[in-house]
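What's counted below: heavy atoms across the whole structure, side chains too, no hydrogens, waters or symmetry copies. Predicted model, so just to flag it, every value in this text is computed and none were measured.
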Amino acid sequence: MFTDEYFMKIALQEALTAMEQDEVPVGCVVVSQNRIIAKTHNLTEMLNDVTAHAEMQAITSSANCLGGKYLKNCTMYITLEPCVMCAGALAWSQISKVVIGARDERRGFMSKNLSLHPKTEVIIGVLENECSQLLLDFFKSKR
């Protein structure tokens with residue numbers, strides 16, 4: 001059965017891949033009609049590009065897959081709440097639904113009182129403990 005938890009587990013696998021590459025472990029999956037059209041993770045270190053967040057990679061990949069710039073009828077599963085930059089891109093993409101694992105109280109778009117596209121449904125806290133723990137473990141290893 002395809003549930004939010006099912007797809008978030010795949011996003012978590014992407015986050016683990018990022019961590020193995022010494023990237024901040026954020027993973028992302030975009031789904032259209034129960035089919036994964038993009039699986040990405042942070043690539044900021046590898047690409048030496050501050051804009052290479054998992055969400056940005058996923059938006060570009062999804063648009064290429066669909067052949068258009070709008071992600072209507074798509075759902076993004078992201079292990080960490082998007083930042084302001086990614087939230088802006090998601091708003092412009094008109095994505096239908098965003099499912100977030102862990103909140104980012106300091107840098108997440110919600111803490112800045114921003115919102116996505118008015119028609120975008122947002123669900124928070126899917127596999128929150130697993131998503132949070134991965135980030136905590138990563139940053140603990142850096143200190």
Quick one: [atom1] on [X] to [atom2] on [Y], what's the gap to the nearest 0.5 Å?
X: Leu12; Y: Tyr77; atom1: CG; atom2: OH; result: 13.0 Å
X: Cys83; Y: Leu90; atom1: SG; atom2: CG; result: 9.5 Å
X: Lys72; Y: His117; atom1: NZ; atom2: NE2; result: 7.0 Å
X: Cys65; Y: Ile36; atom1: SG; atom2: CD1; result: 11.5 Å
X: His53; Y: Met85; atom1: NE2; atom2: CE; result: 4.0 Å

Polar side chain donor-acceptor pair, [X] to [Y], under 3.5 angstrom:
X: Asp137; Y: Gln133; value: yes
X: His41; Y: Gln21; value: yes
X: Glu23; Y: Thr44; value: yes

Under the 3.5 angstrom rule, does the side chain of [X] hit a backbone N or O of [Y] as a donor-acceptor pair?
X: Lys112; Y: Arg106; answer: yes
X: Glu81; Y: Met110; answer: yes
X: Ser32; Y: Arg35; answer: no
X: Thr120; Y: Ile95; answer: yes
X: Asn42; Y: Ala54; answer: yes
X: Thr79; Y: Gly27; answer: yes
X: Ser62; Y: Ala58; answer: yes
X: Ser132; Y: Asn129; answer: no

Heavy-atom neighbours of [X] [atom1] exceed 12 at 6.0 Å:
X: Gln33; atom1: CD; answer: no
X: Asn34; atom1: CG; answer: yes
X: Lys69; atom1: NZ; answer: no
X: Asn73; atom1: CG; answer: no
X: Lys97; atom1: NZ; answer: yes

Checklist entry - Are Val98 and Glu121 close enough, and set up right, to give a side chain to side chain contact (heavy atoms under 4.5 Å, CB included), and what steps lead you there? => result CA-CA 6 Å; Val98 175; Glu121 177 186 1; over 6 Å; no

So which heavy atom on [X] is nearest to which on [Y], and how close?
X: Met8; Y: Ile100; value: CE-C, 3.7 Å
X: Gly108; Y: Ser111; value: O-OG, 2.7 Å
X: Val99; Y: Thr75; value: CG2-CG2, 3.9 Å
X: Ile10; Y: Lys39; value: CG2-CD, 3.6 Å
X: Ile78; Y: Val26; value: CD1-CG1, 3.5 Å

Checklist entry - When you look at Leu71 and Ile59, which way does the side chain to side chain contact (heavy atoms under 4.5 Å, CB included) test go after all the steps? => result CA-CA 8 Å; Leu71 303 183; Ile59 290 167; 4.3 Å; yes

Item to check | Non-hydrogen side-chain atoms of Gln57 and Leu43 separated by less than 4.5 Å | outcome: yes

Next on the checklist: Please evaluate residues Thr40 and Glu14 with respect to the criterion side-chain hydrogen bond (donor to acceptor under 3.5 Å, both in side chains), reporting the C-alpha separation (whole Å), side-chain torsions for both, the decisive distance (0.1 Å), and the verdict.
Outcome noted: CA-CA 6 Å; Thr40 63; Glu14 284 294 312; 5.8 Å; no

Checklist outcome for this item: Tested for side-chain contact (heavy atoms from CB on, under 4.5 Å) against Val30, the lone hit among Ser61, Cys74, Ser93 is Cys74

Item to check | Pair Leu135-Asp104, side chain to side chain contact (heavy atoms under 4.5 Å, CB included): steps then yes or no | outcome: CA-CA 10 Å; Leu135 287 156; Asp104 186 345; over 6 Å; no

If two hydrophobic side chains count as joined below 4.5 Å and joins carry through other members, does [X] share a cluster with [Y]?
X: Leu127; Y: Phe7; result: yes
X: Ile37; Y: Met56; result: no
X: Val84; Y: Val50; result: no
X: Ile123; Y: Met76; result: yes
X: Leu116; Y: Trp92; result: no

